[in-house]
Amino acid sequence: MDLMFKLRPRFFISSLFLILLLKNPNLGSAANPKCISTERQALLTFRASLTDLSSRLFSWSGPDCCNWPGVLCDARTSRVIKIDLRNPNQDVRSDEYKRGSLRGKLHPSLTQLKFLSYLDLSSNDFNGLEIPEFIGQIVSLRYLNLSSSSFSGEIPASLGNLSKLESLDLYAESFSDSGTFSLRASNLGWLSGLSSSLKYLNMGYVNLSGAGETWLQDFSRVSALKELRLFNCELKNLPPSLSSSADLKLLEVLDLSENSLNSPIPKWLFGLTNLRKLFLRWDFLQGSIPTGFKNLGLLETLDLSNNLALQGEIPSVLGDLPRLKFLDLSANELNGQINGFLDAFSRNKGNSLVFLDLSSNKLAGTLPESLGALRNLQILDLSSNSFTGSLPSSIGNMASLKKLDLSYNAMNGTIAESLGQLAELVDLNLMANTWGGVLQKSHFVNLTSLKSIRLTTEPYRSLVFKLPSAWIPPFRLELIQIENCRIGPSFPMWLQVQTKLNFVTLRNTGIEDTIPDSWFAGISSEVSYLILANNRIKGRLPQKLAFPKLNTIDLSSNNFEGPFPLWSTNATELRLYENNFSGSLPLNIDVLMPGMQKIYLFRNSFTGNIPSSLCEVSGLQILSLRKNHFSGSFPKCWHRQFMLWGIDVSENNLSGEIPESLGMLPSLSVLLLNQNALEGKIPESLQNCSGLTNIDLGGNKLTGKLPSWVGKLSSLFMLRLQSNSFTGQIPDDLCSVPNLRILDLSGNKISGPIPKCISNLTAIARGTSNDVFQNLVFIVTRAREYEDIVNSINLSGNNISGEIPGEILGLLYLRILNLSKNYMTGSIPEKISELGRLETLDLSRNKFSGAIPQSLAAISSLQRLNLSFNKLEGSIPKLLKFQDPSIYIGNELLCGKPLPKKCPKDI
Ligand SMILES: *[C@@H]1O[C@H](CO)[C@@H](O)[C@H](O)[C@H]1NC(C)=O
Ligand SMILES: *[C@@H]1O[C@H](CO)[C@@H](O)[C@H](O)[C@H]1NC(C)=O
Ligand SMILES: *[C@@H]1O[C@H](CO)[C@@H](O)[C@H](O)[C@H]1NC(C)=O
Ligand SMILES: *[C@@H]1O[C@H](CO)[C@@H](O)[C@H](O)[C@H]1NC(C)=O
Ligand SMILES: *[C@@H]1O[C@H](CO)[C@@H](O)[C@H](O)[C@H]1NC(C)=O
Ligand SMILES: *[C@@H]1O[C@H](CO)[C@@H](O)[C@H](O)[C@H]1NC(C)=O
Ligand SMILES: *[C@@H]1O[C@H](CO)[C@@H](O)[C@H](O)[C@H]1NC(C)=O
Ligand SMILES: *[C@@H]1O[C@H](CO)[C@@H](O)[C@H](O)[C@H]1NC(C)=O
């Protein structure tokens with residue numbers, strides 16, 4: 001939305017009356033009015049009851065009250081005719097506004113000013129005071145402005161005595177520090193007293209829900225009314241008719257926005273033939289847009305946006321309205337094509353449309369050439385619809401266009417070259433479509449005003465920039481977002497000269513070049529998003545730059561090399577993964593990048609220690625350093641970093657012990673330290689991290705017993721301790737982890753039996769889903785790796801003895817069971833087929849005896865089976881689909897196909 005058109009209603013007031021009132025013929029005369037002392041006294045009394053924090057009424061002291069700020073006297077009679085105490089500051093969020101707000105009470109002394117015609121007390125803070133009755137006694141008033149001054153309670157009916165009042169502003173949005181206050185009007189009968197004089201009435205934010213069904217009749221009695229603003233008044237119904245056809249005939253401006261009208265657009269509107277501006281946004285209006293709008297030949301502004309439910313096609317009569325400047329139909333359910341509607345505009349040659357917003361509807365079809373007939377259009381927003389096809393070449397005729405938004409459509413054609421003629425275009429958004437074709441110099445040649453370009457397509461489409469490599473464009477951009485289009489292989493001059501950028505995304509653009517240091521240095525002062533991911537950009541980054549406004553750095557998946565950039569920044573996210581950066585991380589990373597929350601450096605060639613200063617990055621949430629060459633011990637200095645929840649330093653050369661201080665991290669959820677050379681025991685302190693969901697400590701040199709306290713980690717989803725030197729038995733406590741779905745203890749020295757309580761692993765038993773797995777997704781690309789082993793138990797390569805406990809058959813969702821390379825005995829449970837989702841069963845290299853149960857053949861999901869090197873006997877069940885003999889070898893007493901040994905009964 002363009003600010004120009006979307007100002008709040010209260011700033012949108014026609015200045016007509018103001019001008020009329022101020023042009024009092026006497027004001028211009030030379031004579032100096034002299035204050036009348038009773039009026040001076042009345043003003044002083046009035047001031048005395050006010051609280052004036054900024055002392056803006058300080059100079060209300062001299063003898064001539066006609067000279068006081070905010071006071072105006074009639075030049076001839078010296079009577080006070082105007083008091084303007086509006087807050088001089090209008091920026092409601094500023095401290096000046098707060099200080100400039102008058103507070104306190106309103107003294108009835110004002111009623112002594114018998115000629116007062118203009119009273120403005122707006123934008124002050126009367127802190128819930130009721131509008132005083134006595135205002136109704138100042139019957140000389142023609143202008144009364146009490147807007148946004150934190151009055152509350154019922155609007156006094158005495159206002160109906162102000163029979164000369166022409167302009168009444170009671171707009172009630174309040175900006176008080178001490179809470180919000182609301183005005184209400186539950187009886188609007190007093191309006192009839194203003195019926196012949198009142199031309200302007202604003203009751204925005206006044207609660208009219210108590211005013212009953214007749215509210216419209218009450219307002220329509222004010223027959224002189226030209227402007228009626230009832231924005232956000234809690235009106236719940238919209239009567240289908242007016243009581244008399246003469247009602248509201250003079251109305252030029254009507255604003256009923258932000259009420260829950262829940263009705264179709266009523267026919268009576270089309271009798272208001274003087275309407276110039278009609279605002280019906282956020283009203284929950286339903287049904288289609290009536291053709292009755294054709295009667296409103298003077299209409300300049302029509303806002304039906306955000307009703308969410310207006311449907312049907314856009315009637316072409318809207319295109320026939322000769323004076324229409326501003327049309328906002330966004331955020332509805334309008335469908336069909338827009339050809340008819342645009343054709344109507346193009347017939348209406350002198351069309352004056354300046355603003356057109358049809359975004360967020362269900363409009364479809366191609367954009368017709370008649371679009372170009374909107375020669376005066378400055379803002380065109382067609383985003384978030386289902387338009388297809390190409391950008392029509394008539395676009396070049398829209399010489400006034402400043403903003404063009406076609407984002408989030410299904411535009412699958414080409415972009416017309418004539419785009420390049422739009423010398424006024426500032427903001428071009430073509431993102432989230434499936435554009436194809438070639439963009440040439442002519443597409444950009446006259447875009448002298450362009451500040452922002454967004455252009456993204458789908459990777460499978462080919463949209464290619466073919467601009468001369470040395471071409472210098474006429475624009476200096478502040479924002480560029482180009483994704484899945486081919487710009488490269490070089491980093492072209494037209495980009496190199498863009499050094500005023502504050503937002504950069506060049507993702508998957510085929511750039512293979514180096515980027516000059518001067519470009520990084522040039523953008524450093526303003527840039528907030530620097531995203532160059534998924535290219536093949538090479539070279540080193542300039543060191544020692546400051547990026548004061550940077551928020552996110554994403555240079556991932558390129559061919560950058562050389563040292564970590566010593567950039568000083570308050571950015572929160574650093575993505576350098578999948579490059580070939582090398583060298584060590586700066587020891588003062590906490591000073592350089594104190595605001596870091598997410599650090600992703602995985603898959604690079606970093607070496608050296610992981611700096612301890614990371615412990616001082618207080619907002620750190622994710623540290624992902626996987627697959628580098630970091631060595632030394634993992635920092636030991638962790639303290640209460642409340643946000644840190646994901647650590648992935650797997651696949652490095654870390655040595656030493658797992659630091660005790662990890663137990664200080666209250667939010668720790670994902671801890672991946674696998675594939676390093678860590679030694680010692682798992683620190684007991686980790687049991688304090690009660691939110692742990694995923695632990696992988698595999699592939700280290702860890703020793704000691706399996707921790708029994710894991711039983712306390714009720715969120716634990718994955719526990720992988722494989723390929724270490726853990727000893728002792730599997731503790732029963734492990735069974736009481738209700739969410740565990742991945743258990744890998746393989747390759748240790750664990751002894752004793754599998755505990756019978758194993759069936760207490762309820763997540764595997766009942767297949768209860770949980771989202772903790774998603775935590776791995778945020779650690780970036782690790783999720784897929786682990787996805788394949790959800791619902792698995794791997795105890796392979798230990799010293800486990802005893803039988804397979806029958807209880808294991810309760811783990812109905814088990815997909816992988818690997819008990820190979822242990823000392824287990826007994827037979828394979830007869831009812832093994834109860835594990836109906838089993839995909840892998842490896843019992844090889846144990847001492848299992850007895851027959852292979854027939855029921856194994858009934859597990860249709862089973863894909864991998866290994867029973868080799870046991871003491872199994874008898875014939876291999878016929879129905880078993882596994883015909884590779886290596887599955888069965890090493891069982892001397894086993895016979896039948898696929899083994900060469902025939903069974904006795906077959907001989
Ligand atoms: C009332 O005062 C406010 C500023 O406080 C102003 O925006 C508004 O236009 C005024 N109303 C009228 C009708 O002049
Ligand atoms: C002013 O209005 C009130 C309430 O409507 C009424 O009671 C009172 O008589 C009126 N005063 C004058 C002077 O008209
Ligand atoms: C508006 O007034 C009605 C009663 O007249 C009340 O129920 C409702 O809560 C009020 N709305 C607000 C926002 O105060
Ligand atoms: C664009 O999409 C429309 C509608 O799906 C289709 O009919 C047309 O063939 C597509 N055009 C191109 C160039 O892919
Ligand atoms: C670019 O603008 C210049 C000056 O307005 C004009 O002469 C020229 O024809 C334009 N070129 C294109 C391709 O629109
Ligand atoms: C980070 O923010 C602080 C406080 O706002 C500021 O003093 C400092 O200069 C900023 N650092 C950088 C590198 O921009
Ligand atoms: C990555 O950088 C290291 C150190 O500079 C270098 O030895 C290695 O060859 C580079 N690897 C690739 C794939 O470029
Ligand atoms: C397993 O679950 C049963 C029943 O819920 C319970 O009685 C038993 O204590 C649990 N065993 C362990 C070791 O958690």
Side-chain angles (χ1 to χ4, degrees), residues 7-13 15 18 21-22 42-62 65 67-72 80 82-111 113 116-136 138 141 143-156 159 167-185 200-207 229 231-233:
L7 293 174
R8 289 169 180 280
R10 62 200 215 92
F11 298 116
F12 212 93
I13 306 311
S15 49
L18 262 170
L21 291 167
L22 293 175
L43 287 171
L44 284 176
T45 311
F46 181 69
R47 190 193 72 167
S49 71
L50 294 173
T51 310
D52 176 14
L53 294 179
S54 66
S55 301
R56 60 182 166 103
L57 305 184
F58 178 75
S59 49
W60 277 29
S61 58
C65 66
N67 278 334
W68 293 355
V71 179
L72 190 71
V80 173
K82 172 174 176 178
I83 299 179
D84 177 359
L85 299 182
R86 181 187 294 191
N87 193 329
N89 192 293
Q90 288 285 311
D91 175 3
V92 297
R93 278 171 306 242
S94 68
D95 287 344
E96 288 77 17
Y97 180 89
K98 293 196 175 110
R99 272 175 50 77
S101 292
L102 298 172
R103 289 151 214 252
K105 299 243 153 36
L106 298 178
H107 197 278
S109 66
L110 277 190
T111 57
L113 305 173
L116 189 65
S117 76
Y118 186 113
L119 178 59
D120 187 346
L121 299 174
S122 66
S123 302
N124 288 299
D125 181 3
F126 294 107
N127 194 16
L129 188 74
E130 293 199 2
I131 296 178
E133 285 269 347
F134 71 75
I135 301 243
I138 315 174
L141 280 180
Y143 177 98
L144 177 59
N145 193 343
L146 302 178
S147 71
S148 297
S149 276
S150 300
F151 288 108
S152 74
E154 182 78 21
I155 293 176
L159 293 188
S167 174
L168 176 57
D169 195 342
L170 297 170
Y171 182 82
E173 187 178 16
S174 83
F175 303 101
S176 173
D177 270 349
S178 37
T180 52
F181 297 100
S182 67
L183 271 178
R184 62 175 187 276
Y200 175 94
L201 177 57
N202 191 342
M203 290 181 59
Y205 274 91
V206 174
N207 185 346
R229 302 226 174 226
F231 174 89
N232 198 334
C233 290

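From a predicted model like this one, the values you see are computed outputs, not experimental measurements.
Under the 6.0 Å cut-off for aromatic ring centres, Tyr205 and Phe231 qualify, their centroids lying closer than that.
Distance check: Leu113 CG to Leu119 CG gives 9.0 Å after rounding to the nearest 0.5 Å. Atom CH2 in Trp68 sits 7.0 Å away from atom CH2 in Trp60 (nearest 0.5 Å). The distance from the OH atom of Tyr143 to the CG atom of Leu116 is 12.5 Å, given to the nearest 0.5 Å. How far CG of Leu159 is from CD of Glu133: 8.5 Å, rounded to the nearest 0.5 Å. Interatomic distance, Ser122 OG to Gln90 CD, rounded to the nearest 0.5 Å: 6.0 Å. Here the CD1 atom belonging to Ile155 is positioned 9.0 Å from the CG atom belonging to Leu146, to the nearest 0.5 angstrom.
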*Could you give me the CA-CA distance, side-chain angles and deciding distance for Ile83 and Leu110, then say whether side chain to side chain contact (heavy atoms under 4.5 Å, CB included) is met?*
CA-CA 10 Å; Ile83 299 179; Leu110 277 190; 3.7 Å; yes
*asked:* Between Val80 and Tyr118, does the side chain to side chain contact (heavy atoms under 4.5 Å, CB included) criterion hold? Intermediate values first, please.
replied: CA-CA 9 Å; Val80 173; Tyr118 186 113; over 6 Å; no
*Do Val92 and Tyr97 pass the side chain to side chain contact (heavy atoms under 4.5 Å, CB included) test, and can you show the C-alpha distance, the side-chain angles, and the key distance before you say yes or no?*
CA-CA 6 Å; Val92 297; Tyr97 180 89; 3.9 Å; yes
*Between Arg56 and Leu102, does a side chain to side chain contact (heavy atoms under 4.5 Å, CB included) hold up when you go through it step by step?*
CA-CA 9 Å; Arg56 60 182 166 103; Leu102 298 172; 3.3 Å; yes
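No donor-acceptor pair closer than 3.5 Å links the side chain of Ser152 to the backbone N or O of Ser182. Within the 3.5 Å criterion, the main-chain N or O of Asn127 finds no donor-acceptor partner in the side chain of Arg103. Side chain of Ser174 to main chain of Thr180: no donor-acceptor pair is present (N/O by atom type, distance under 3.5 Å, no hydrogens or angles). At distances below 3.5 Å, not a single donor-acceptor pair connects side-chain atoms of Ser94 with backbone N or O atoms of Asn89.
Remark: of the listed residues Asn124, Thr51, Asp125, Asn87, Asn87 is the sole one forming a side-chain hydrogen bond (donor to acceptor under 3.5 Å, both in side chains) with Ser101. Of the listed residues (Val71, Leu85, Leu43), just one forms a side chain to side chain contact (heavy atoms under 4.5 Å, CB included) with Leu57, and that residue is Leu85.
Taking both residues in full, the closest heavy atoms of Ala185 and Val206 are given as N-CG1, 3.9 Å, listed atom of the first, atom of the second, then distance. Across all non-hydrogen atoms, the minimal contact from Ala42 to Ser109 is O-OG, 2.8 Å. Heavy atoms only, all atoms of each residue included: Ser123 and Ser149 are closest at N-OG, 3.1 Å. Taking every heavy atom of both residues into account, Pro88 and Gly100 meet most closely at CD-O, 4.5 Å.
Contact of the Leu141 side chain with the Ile135 side chain is registered, since non-hydrogen atoms from C-beta on lie closer than 4.5 Å.
Every residue two or more places apart in sequence or in another chain was checked for a side chain to side chain donor-acceptor pair (under 3.5 Å) with Asp84, and none qualifies.
Looking at Ser147 and Asn202, their side chains never bring a donor and an acceptor atom within 3.5 Å of each other.
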